[in-house]
Trainee: 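Shown below is the structure under consideration.
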Amino acid sequence: MKEYNIAVVEGDGIGPEVVREGLKVIDAASEKFAFKVKTKKFDFGGERYLKTQEVLSDEEVSELAKYDAIFLGGIGHPDVKPGILEKGILLKLRFDLDQYINLRPVKLYENVETPLKGKGPEDIDFIVFRENTGGLYTGVGEFKDKGTADEVAIQSMVYSRKQVERCIRYAFEALKKRHENNPWKGLTPEQKDQGFYAKLTLCGKTNVLTYVFDLWQRVFDEVAQEYPQIVPDYCHVDAICIYMVEDPKRFNGIVTNNMFGDIITDLAAVTQGGMGVAPSGNINPDGVSMFEPVHGTAPSFANQGVINPIATILTAVMMLNHLGEVEAAAAIEASTKGVIKQMKSMLVGKMGYTTSQIGDMVVDGIKS
Ligand code: IPM
Ligand code: MN
């Protein structure tokens, strides 16, 4: 029997509650599909920091690197100054484990309400490939004359060709795998006739960021040559925001830098029904990947059973797919779709069920 070792970081706020539901469905799926999941919990997060002043040590990162995957709830604490835990835990893990892709599927499920008027599941189904270890997030910058009237602050968007290339290549490769035998439905008849099966949009700002996005565009064009059946597309980040709302159907895959990816995936998450349903994966294709719902820790809603665990359950689906347990992942997703149909809303406290009831319902669906 296959066995997976999963490091579990519940984190703060609502983290433990949603992780509990995620693990519950993974357990049920592992029983049905005959594999074993061994979990070990790590208490990194705000509570530990407040008690011990420890954030996350290099030794602890090395320990996590031994696992098959990391399952994370949420990191952030109202009593800790913003930045300490985010940088010290979440970003440190992404960087040190070289999880260079932040994978954010954007899919509107049947019966989920979207704020986009007149749009349905057939309109919203794409993947954002966010570069996850570079750009503005590297912390390169400085203050000059800090505290004076002439103060200047600099934060640099730094990208190496290698970083850009591996990200873009991952996006093309992922779309190839997804669509070579199952062409994307949004292609024009002409594109279909020409043998295209997918479309990848580079999201940038080539009209202003003339160094960084010049590099991205050149690398994109080069790599695109190797994928002659994927339509290469470009869109400025501001225009992406327009189209994501007006005409999301035009997107199949979007590849972008770290900062734009952070911003557009929050917008995208809202279109797919909000933070209650948005999953994500921090992927190192050659190492250890980490899976986390896009939402944060929502401390004011903790321990009331009002939080929607669907985002975390869909995150578990991503993790199992990544581990190769595709049947189990498909079964959880199918069951989740059924449960979503029974829920009144995806919003906090309006679901018609408690957090753990939703987990139980997904489990029932897997077993049946
Ligand atoms: C996210 C979050 C993080 C980010 C924060 C908490 C550092 O917003 O995962 O999107 O900016 O990447
Ligand atoms: Mn974000």
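Note that ligands are numbered from 1 as they come in the structure, with each ligand's atoms numbered from 1 the same way. Residue numbers start at 1 and run along the sequence shown.
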Trainee: Could you list the residues that satisfy side chain to side chain donor-acceptor pair (under 3.5 Å) with K66, not counting sequence neighbours?
Mentor: E63

Trainee: With a distance cut-off below 6.0 Å to the six-membered ring centre and an angular limit of 45° from the axis, does R166 pair with Y100 as a cation-pi contact?
Mentor: yes

Trainee: Look at E10 together with R20 and state whether they make a salt bridge at an N to O cut-off of under 4.0 Å.
Mentor: no

Trainee: Strictly under 2.8 Å, is the Mn ion (ligand 2) approached by any N, O or S atom of D262?
Mentor: yes

Trainee: When you check the side-chain N and O atoms of N284 and D98, is any donor under 3.5 Å from an acceptor?
Mentor: no

Trainee: Near ligand 1, which protein residues have a heavy atom under 4.0 Å away?
Mentor: E86, L90, R94, R104, R130, Y137, D262

Trainee: Do we get K199 above F196's six-membered ring, with its NZ or CZ under 6.0 Å from the centre and within 45° of the axis?
Mentor: no

Trainee: Out of F220, F129, Y197, which residue meets the ring-ring contact (aromatic ring centres under 6.0 Å, His included) rule with F172?
Mentor: F220

